[in-house]
Amino acid sequence: MASGYTRRELIAHYMLLPTMAVLSAAVLGNLFTYTVGYKLYVNLYYDSFSLPVFHPLFHARAFLWTTLLPAVLVMSIQFLMLTIKLRLRPLRFLRHELGRKPRVSKVHLSGLPFFSRLGFLSRYRLKVLRHNKLNVLVLLFGVTLSSVFLCFGLGLRPLFERHAELMQKEFPAKVQTFVRPTAAADITEGKAEKFGYAAFDLSVEGDIHPFTLYGVSPRSRYFDAKEIDALQEGEIQASEGLMKRFGFVEGDRITVANPYTGKSYVFCIRTMRKQAVTLSAYMPLASFNSVMGYDKDAFSGYYSEQTLPLEPAAVVSNIDRQSVGKAADHFLDTFGQIIVPIIVVAVLFYFIFIDFLSKAIVDKAKTEIAYLKIFGFTDAETTGVYLRATGMVLGVFLLVLPFILRSALTVLLTVSLKKLDAYMDPQLPMYIYYLVSATGAVLFFLVQALQKRKIAKISMTETLKEM
């Protein structure tokens with residue numbers, strides 16, 4: 001500016017490098033995605049389903065969200081910051097006064113009762129924290145965000161494994177056999193228990209969800225007979241999953257529709273069946289037949305402890321507890337390949353964020369670091385002054401981080417799992433949160449070692465000459 005360059009020319013000059021970086025990232029990112037990256041997701045489907053040959057095609061919406069909007073956002077921030085800074089006069093740049101004039105600190109730590117007993121380095125670290133409080137706050141935010149990503153990656157497998165376990169516990173008998181009406185004479189009394197079955201569409205806030213209604217035999221040995229037998233016609237015992245998934249309470253009425261006939265039915269929730277995660281409900285078999293308009297002796301199948309000796313022509317299908325858990329196994333087999341990339345990206349993002357903020361703190365204090373070196377402080381001591389204080393704050397934050405993550409993940413998982421037509425408990429095992437905190441501590445020590453090498457390379461002569 002002192003040499004006569006205009007603000008417009010300077011903005012164009014300093015926008016060149018970030019523009020080239022953003023465009024290069026956009027080109028390389030799309031090139032990688034459309035040549036190599038998509039194969040990871042295609043293989044997820046090829047391993048489980050028989051699909052036609054997949055050919056990647058350019059997708060305008062994907063390009064908008066993954067490339068165009070991020071690029072515009074980055075360039076807008078760069079342009080806005082340059083425009084604001086270049087309003088300053090040249091003399092402000094020469095004096096390195098790029099922000100507001102800092103106010104002189106009125107707090108003298110040596111005069112306070114507690115801090116007067118601290119050594120020089122301890123008081124120095126506290127002042128480093130005060131001067132870098134914004135960087136420290138951004139660091140804590142980035143650590144929290146990275147930890148959330150890492151929790152998703154580490155928590156998917158135990159989340160679905162636990163859901164499969166609960167589904168198996170919910171399954172009332174070892175074998176559930178769906179039969180045709182002619183099979184009734186083939187079963188002796190006491191060998192199996194009849195049940196009714198009907199599938200409906202449940203509409204909640206404009207979204208359609210599958211809903212299953214079961215008719216339970218009197219004095220059932222597989223369900224809570226006292227609660228179900230006491231239900232009146234039109235009253236149901238709802239699963240815990242149904243009630244928690246949609247926020248229903250006892251006394252609420254739900255409307256379901258037959259997907260084939262369009263006929264609607266209204267049921268009143270009277271009780272809840274605990275540890276049942278499917279979107280289902282239960283009522284006495286007699287009431288079930290009455291509501292559905294079936295004969296009083298009608299039924300859909302049998303619950304039993306072993307496979308029933310029925311004629312093959314009479315059996316529609318057999319379901320056992322082991323096959324119920326295979327749904328989660330199938331999901332993990334299909335999408336398990338994506339869990340490792342999520343974890344790798346989360347850890348990489350974690351490391352970059354800590355390294356970037358630590359580097360910013362060191363770069364901001366180059367002159368002070370040069371002074372400490374002149375005074376005889378070693379590189380290890382200087383690193384301790386500028387990073388140990390940050391490390392102490394981060395260490396305390398990592399101790400409480402598991403409890404913050406537990407609350408945050410409960411909300412985030414509740415929202416994300418609503419896309420599934422089932423209820424999944426959004427609670428992750430507590431060891432996941434402790435593991436994430438431990439990962440943050442290890443990465444910070446690694447960054448501290450790298451920054452120690454950077455501090456060792458700072459030249460006292462060159463740094464003081466720049467003043």
Side-chain angles (χ1 to χ4, degrees), residues 170-203 208-243 248 250-274 276 278-305 307-320 324:
E170 177 186 356
F171 201 71
K174 289 184 178 180
V175 181
Q176 182 178 10
T177 306
F178 288 88
V179 299
R180 295 181 174 84
T182 55
D186 298 332
I187 303 298
T188 59
E189 187 66 27
K191 200 172 187 179
E193 183 177 296
K194 299 176 182 178
F195 70 88
Y197 173 89
F200 298 97
D201 285 338
L202 173 64
S203 178
I208 304 299
H209 306 274
F211 170 80
T212 305
L213 181 64
Y214 291 93
V216 180
S217 293
R219 299 179 298 279
S220 172
R221 59 180 179 270
Y222 296 110
F223 296 89
D224 190 337
K226 291 183 179 180
E227 289 192 355
I228 295 182
D229 291 346
L231 296 176
Q232 303 298 318
E233 186 169 321
E235 295 181 342
I236 58 175
Q237 180 188 60
S239 67
E240 183 177 0
L242 179 69
M243 298 184 72
F248 294 144
E250 294 179 3
D252 284 349
R253 294 182 178 274
I254 62 173
T255 302
V256 299
N258 187 312
Y260 304 104
T261 64
K263 186 178 180 179
S264 298
Y265 303 85
V266 179
F267 300 106
C268 178
I269 300 176
R270 188 57 59 196
T271 61
M272 179 179 74
R273 183 188 177 195
K274 296 182 179 180
T278 58
L279 305 183
S280 57
Y282 315 87
M283 65 190 312
L285 182 58
S287 298
F288 174 86
N289 289 330
S290 176
V291 169
M292 298 300 298
Y294 299 154
D295 294 338
K296 63 178 183 178
D297 296 326
F299 64 97
S300 304
Y302 297 98
Y303 291 126
S304 61
E305 294 304 305
T307 303
L308 300 175
L310 297 173
E311 292 293 332
V315 177
V316 177
S317 64
N318 273 318
I319 304 175
D320 56 32
V324 171

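All of these numbers come straight from a predicted model, not from anything done at the bench.
- In this structure the side chain of D201 never reaches within 4.5 angstrom of the side chain of V256, judged on heavy atoms.
- In this structure, CD on Q176 lies 9.5 Å from OG on S304, to the nearest 0.5 angstrom.
- No side-chain heavy atom of F211 sits under 4.5 Å from any side-chain heavy atom of H209.
- At distances below 3.5 Å, at least one donor-acceptor pair connects side-chain atoms of R180 with backbone N or O atoms of A313.
- Nearest heavy atoms, D229 versus S217: OD1-O, 4.2 Å.
- A 4.5 Å side-chain heavy-atom check between V291 and F267 finds at least one atom pair inside the cut-off.
- In this structure, CD on Q237 lies 11.5 Å from CE on M283, to the nearest 0.5 angstrom.
- Closest approach of T307 to V175, counting heavy atoms only: N-CG2, 4.0 Å.
- Rounding to the nearest 0.5 angstrom, the gap separating the SG atom in C268 from the CD atom in E235 is 5.5 Å.
- Between L202 and L279 the shortest side-chain heavy-atom distance does not fall below 4.5 Å.
- Distance check, rounded to the nearest 0.5 Å: CG of L242 to CD1 of I254 gives 5.5 Å.
- Residues Y214 and Y197 place their aromatic rings such that the two centres sit under 6.0 Å apart.
- Taking 4.5 Å as the limit, some side-chain heavy atom of T177 sits within range of a side-chain heavy atom of L310.
- Between the side chains of E305 and Y222, at least one donor N or O lies within less than 3.5 Å of an accepting N or O.
- A 4.5 Å side-chain heavy-atom check between E193 and P172 finds every atom pair outside the cut-off.
- Between I319 and F171 the shortest heavy-atom distance is O-CZ, 3.5 Å.
- Side-chain contact between D320 and K174: absent, with no pair of heavy atoms (C-beta onward) separated by less than 4.5 Å.
- Smallest separation of non-hydrogen atoms from K296 and N289: O-ND2, 3.3 Å.
- In this structure, V216 and F288 have side chains that are not in contact, with every pair of non-hydrogen atoms separated by 4.5 Å or more.
- One distance of note links CD of E170 with OG of S239; it measures 6.5 Å at 0.5 Å rounding.
- Shortest non-hydrogen contact noted between Y282 and A276 is OH-CB, 4.4 Å.
- The line from CZ of R273 to CE of M243 is 14.0 Å long, rounded to the nearest 0.5 Å.
- Between L285 and F195, the shortest heavy-atom distance links the atoms CD1-C, 4.1 Å.
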